[in-house]
Each structure stands twice: as C-alpha cells, then as structure tokens.
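Note that the structure is predicted; figures quoted are calculated from it, not measured. First the proteins, then the strands, lettered A, B, ... as listed; each starts at 1. Hydrogens, waters and symmetry mates are skipped; everything else that's a heavy atom, side chains included, is used.
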Number of protein chains: 2
Amino acid sequence: MATGRTHRPATRSRGIPEATVARLPLYLRALTALSERSVPTVSSEELAAAAGVNSAKLRKDFSYLGSYGTRGVGYDVEYLVYQISRELGLTQDWPVVIVGIGNLGAALANYGGFASRGFRVAALIDADPAMAGKPVAGIPVQHSDDLEKIIQDNGVSIGVIATPAGAAQAVCDRLVAAGVTSILNFAPTVLSVPDGVDVRKVDLSIELQILAFHEQRKAGEEAAASDGGVPAAAARSDSADQGPDGDMPAVMPA
Amino acid sequence: MATGRTHRPATRSRGIPEATVARLPLYLRALTALSERSVPTVSSEELAAAAGVNSAKLRKDFSYLGSYGTRGVGYDVEYLVYQISRELGLTQDWPVVIVGIGNLGAALANYGGFASRGFRVAALIDADPAMAGKPVAGIPVQHSDDLEKIIQDNGVSIGVIATPAGAAQAVCDRLVAAGVTSILNFAPTVLSVPDGVDVRKVDLSIELQILAFHEQRKAGEEAAASDGGVPAAAARSDSADQGPDGDMPAVMPA
DNA sequence: ATGTCTTTGTGAACGCGTGCACAAAGATGG
DNA sequence: CCATCTTTGTGCACGCGTTCACAAAGACAT
C-alpha cells in the first residue's frame, strides 16, 4: 500500500471494516472491466483472481454489504457494480479541488481516472499569481486568495493537496476552515486536522524507502545463502559500501 | 495510506514487523527535520507527536531496531537518523528507472524528494519514439526497446511504472525478466509478479473512493442526527441525488 | 553515595483482519 | 420430485498490530 490512513482509527463505519472498504474499489474496477466485456455473472474465485485477493476474503467482504450472490452461480456483475458504487458513495457527484498546480498537480488534473467515477475537478488552485487564468487540463487555474469562496460556491468537501511540504499545513487549515472534510495529501508532511476530518496520504518517498528495505534484505539473504549461511546485514558488491554493521553515530548523506 | 502491499504477506523480515517498517520513513523524516535544526536529542513523546503516531508505538517500533535510547533523556537524533537509514537501506545508492513519461512520469522525474535519500533516477523510459532523446528533468528519455539493456547496465533493482493501465503488466514482466525485484506501480491495475518480487501500488482513484465512502457516511450521520435518528444512506441538498436506498440492479454512470 | 525524577523498553491483554473448512442454498439434470 | 453438483456465506481459530501500564535504567542534584 502506498498509503496509510490517518485519524478515524477504529470507528467501524456501519459495520464495514476499514480493510474491506479499502478493497471495494479494487473489486469495483475488476467488475467494471467484466461489465464492459458484457460478462453477466462471476464467481468469487474468478473475481478474487482478477482483484488479486483471496476468494474467502472477497466473499467475507461482500457479506458485509449483504447477500448479493447466488449459490451455485456466483455474483451478478451489473448488480454488484451498482451495489458497491452505492456503498462507496459513487452514485453521487463529488466536486474536488486540487491545490498546488506544479508538475504533480497538473498530472493529477490531467489524470483520466479522476473524472471517471463520480469525481469532478471543480477547480484548480495555485498560490502563484503567474498561474492564474492559465488553463491546465482545460480548467483555468485560480489564485489561492479565492480558495474559501471556491470551496463554498462549489460545495466541495474533498480537497487534494499537491503543494510543496512547507505550504501543506497552511493550505490544509484553510481547506478545513472552508468546509472540506476529506483530504488527499501528496505533500510529504504529516497533516494535523480536527476530529471529523479524514486525511489520506500518498507518499512516493515512503513507498520507495519501504521497497529499499525489502530490497536490501533480499540482497543480504541472497549473499548469506551463497556465502554459507551467515546472516550478514548487507553485502552488495556494486556501489560504495559503508561499514558493514557499524555502530558509529555517523553523519548521513541526508 | 494511500497504498497496499502485494505479495510477501507474512514474511516478517529479520523480526521487524511490516507495520513498523512502513513507519520508519515517517520517523526518519521527522528526525531529519530535527537534525537540520540541530536538535541534539528528542523524547519518544515529542518525536511521536511530530510523526503523528502514539508514543508507545514509536518506542516499540524502535525496540525492534535495538536499544538506541537513553532513559531519562530520550534519543540522540543523529544516531537515530543513521540507524534508521541503515535499517532501511538508505546508506547505499539505489538506481531507479521510471517507465512511462507522461504527465505523471514527468512529475515523478521532477520530484525532488526522489533523489534526496539514496534514490537516483538512472533512466527515463517511454514507448513513444517521439519522446526519445527529449530531456525531462535534465535526463534524456530513452526508448523502451532498450529497457533490458538499461536495467542491466545500471544494475537497477527498483522500477517505477507510470504507464497507462493497459501497458503496465507487459512493462512489469519485462522489468522483472530484466532483473528488477521491486516495483512501485502507479498504473491502476493489479500486477501479477513471481515470488520474490515486491510490488507496492499507489492508486489515486482508490484513495478518492475511500474518502468518498467516509464522506458519504459523515453526510448520512449528520442528516440522521439533525433529522431525528433515521440512519439514512445519504442526504445532500446540492447536486442531483439518486434514489436514497434503492435496490434495483441499475446501470451506472461508469 | 544516595535519592529523586524522567523517560525508556516491554510484558500482557485486547481487537482487528485473515484464511480454513464446511454447512446451507440454490441451480441443474434426470 | 429427487439427487447431485457448484458456489456462497460464515463460524472458528490464529496471528499481527496496538495500547496500556509499569518496572528498570539512567541522569542529575544534593
């Protein structure tokens, strides 16, 4: 997962476990693909394979939504698409603002999957006056002075933060004060928000570091295995290597 | 979290829980900020607040790495930065390739936090011949025909996929065949990989849908609370509303 | 050297999530 | 109408992760 939730830890919503909610979009995507191929029904086994999960898990997930399957047959694709969409709240329109129209913000604005399911980019906002009026993805960028007005006029409740880390908390505070209650944060910072506001973060750097951890471990194991069983910490022959298992309070490449 | 892991489910690496590994980058970021402000030591309480976690959790996380704190005082910032960096494998250099230089790929290439900690963009790869040679973020884009050679020449073990969904699995297969063992996937698809290869995914669409779920729930609760206790599904006055709790196997806005 | 005070490190309990394995349900064919 | 076969829905057990609460450890003052 390239993400981690913040806040709202144990508040099981209407009995649907958080882990299940996180998988529903996955199922929905697989089901939509089946729907486009006009497949009428699908078994838990097939759908689970398409979504990359265990079939028992999938069945249990669906059981939280209700009994939508038919034993001996499987699930009706269209029906399930509708039920999951409704459960996720995708049968209504969600206006979204993107704040911070740099490289990433522009990429997000252009992202097709954005508009595809109930989400609509209501406005693009940037602090740079030079950006104001310039169209990105067909939408004119507006200056952040008007942030509050934009939020209120469009009834926006979901905000995307794609600003530099330094500006993120201030933007977040303004969004929340203006009425936004869900935030998707791409800035590499921990945001603090009042209760009742959901924050999800997407952090490239964290994901890479997690991969590096496992990568290092794989390299170490492999070296140990071919060496003769010594559980060495890390042993890569390429690239400059620091002390193998040093304990010195050294400085870092930062 | 804007992510979910795939594969390597229970394989506790060297005794460090996966959940802890996922938090180490967070601690590292907070510690680096302290280090830049020349703060010598920090207590678990302070650091936990900066990282947005519980202090007991933080102490337990650190206990997996060893006893690096001093009772009555706290943790030495520099020392801890080094230990976590080493544990995450950031004391070595990780060449990374980005495949798919569209809006998102370009944004990633330009992302500063990329190079900051041990990661180096070794190459940008795209399937479009028109892109070949064109510099993005100061690095010339190379054609995907040369993918295998690029991987091998640079000793790349981490690949980032930023292609359209349709191309992702094919790119993934080629990366893995060429020797990549860790993949960060931005394409909205489930990738299947052989054992021993780690995949982490970052999926904007999924994150938004999770937010929408909670948002809908909040709106419902609020309406129920002000209405008189009926647990209605959703009741927003703005924007067109579908049937409130319909059960019909209807079609979807897709 | 001794006492006090702060903060770590961890034992233990609890809750969530996962996966097995099977009974119940329904379709299908004779 | 009955038997068989497929597939769902779920009870149950297990393991991971989180949190509490406290004993042990060390700093610091006297």
Side-chain angles (χ1 to χ4, degrees), chain A residues 1 3-24 26-27 31 39-77 79-80 83-84 210, chain B residues 1 3-24 26-27 31 39-77 79-80 83-84 210:
Chain A
M1 154 168 12
T3 292
R5 36 178 148 22
T6 320
H7 261 280
R8 186 169 305 276
T11 331
R12 278 269 200 98
S13 342
R14 150 100 170 285
I16 300 185
E18 192 60 31
T20 295
V21 173
R23 280 188 294 269
L24 290 181
L26 229 51
Y27 302 145
L31 285 164
V39 177
T41 61
V42 65
S43 71
S44 64
E45 204 69 51
E46 295 167 318
L47 185 55
V53 302
N54 185 301
S55 72
K57 196 187 296 187
L58 178 142
R59 287 198 299 276
K60 182 150 291 194
D61 283 342
F62 285 175
S63 78
Y64 292 115
L65 310 184
S67 285
Y68 294 150
T70 307
R71 294 170 193 237
V73 176
Y75 299 91
D76 182 284
V77 172
Y79 187 59
L80 204 46
Q83 290 298 345
I84 295 179
I210 295 171
Chain B
M1 166 164 110
T3 294
R5 35 176 149 20
T6 321
H7 262 280
R8 184 170 306 276
T11 330
R12 277 268 199 98
S13 343
R14 149 101 170 288
I16 300 185
E18 191 61 30
T20 295
V21 172
R23 280 188 295 269
L24 290 182
L26 229 53
Y27 302 145
L31 285 164
V39 177
T41 61
V42 65
S43 71
S44 64
E45 204 69 50
E46 294 168 320
L47 186 53
V53 301
N54 185 300
S55 72
K57 195 187 294 186
L58 178 141
R59 287 198 300 275
K60 180 147 287 193
D61 283 342
F62 285 176
S63 79
Y64 293 115
L65 309 184
S67 285
Y68 294 149
T70 306
R71 293 170 194 235
V73 175
Y75 299 92
D76 182 284
V77 172
Y79 187 59
L80 205 47
Q83 290 299 344
I84 295 180
I210 295 171

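Rounding to the nearest 0.5 Å gives a distance of 5.0 Å between CG of L47(A) and CG of L58(A). In this structure, CZ in R59(B) is found 8.0 Å from CG in N54(B), a value given to the nearest 0.5 Å. Separating the OG1 atom in T20(B) from the NZ atom in K60(B) is a distance of 9.5 Å, to the nearest 0.5 Å.
dT18(D) atom P lies 14 Å from atom CD of E18(A), rounded to whole Å. Remark: P of dT8(C) and OH of Y27(B) are 13 Å apart, rounded to the nearest angstrom. The distance from atom NZ of K57(A) to atom P of dC16(C) is 17 Å, rounded to the nearest whole Å. Rounded to whole angstrom, the span from the CG atom of L80(B) across to the P atom of dT8(C) amounts to 11 Å. Atom CD of E46(A) is separated from atom P of dT6(D) by 14 Å (rounded to the nearest Å). In this entry the distance linking CD of Q83(A) with P of dT8(D) reads 17 Å, nearest Å. Between the P atom of dC16(D) and the CD1 atom of I16(B) lies a distance of 15 Å, rounded to the nearest Å. Spacing between atom CG of D61(A) and atom P of dC16(C) amounts to 16 Å, rounded to whole angstrom units.
In terms of polar N and O atoms assigned as donor or acceptor, the side chain of R71(B) comes within less than 3.5 Å of the base of dT8(C) in a complementary pairing.
Residue R23(B) places at least one side-chain N or O under 4.0 Å from the OP1 or OP2 atom of dT18(D). The phosphate of dG17(C) has neither OP1 nor OP2 within less than 4.0 Å of any side-chain N or O from N54(A). An OP1 or OP2 oxygen of dC16(C) is reached within less than 4.0 angstrom by no side-chain nitrogen or oxygen of Y64(A). Here S44(B) reaches the OP1 or OP2 of dT8(C): one of its side-chain N or O atoms lies under 4.0 Å away. Phosphate contact (OP1/OP2 of dT10(D), side-chain N/O of K60(A), threshold under 4.0 Å): absent.
Annotation for G15(A) and Y64(A): closest pair O-CD2, 3.8 Å, computed over non-hydrogen atoms.
Checking each of Y79(B), Y68(B), Y27(B) against F62(B) for a ring pair (Phe, Tyr, Trp, His ring centres under 6.0 Å) leaves exactly one that passes, namely Y27(B).
Nearest nucleotide to the R59(B) side chain, out of dA21(D), dG9(D), dG19(C): dA21(D). Of the candidate nucleotides dG17(D), dT18(C), dG9(D), dG17(D) has the atom lying nearest to any side-chain atom of A19(B). The side chain of S43(B) lies closest to dT8(C), out of dG9(C), dT8(C), dA21(C).
Nucleotides of DNA chain C nearest to G66(B) and A56(A) differ in position, and the one nearer the 5' end is that of G66(B).
The residue Y75(A) sits close only to the backbone: its heavy atoms come under 4.0 Å of sugar-phosphate atoms, none of a base.
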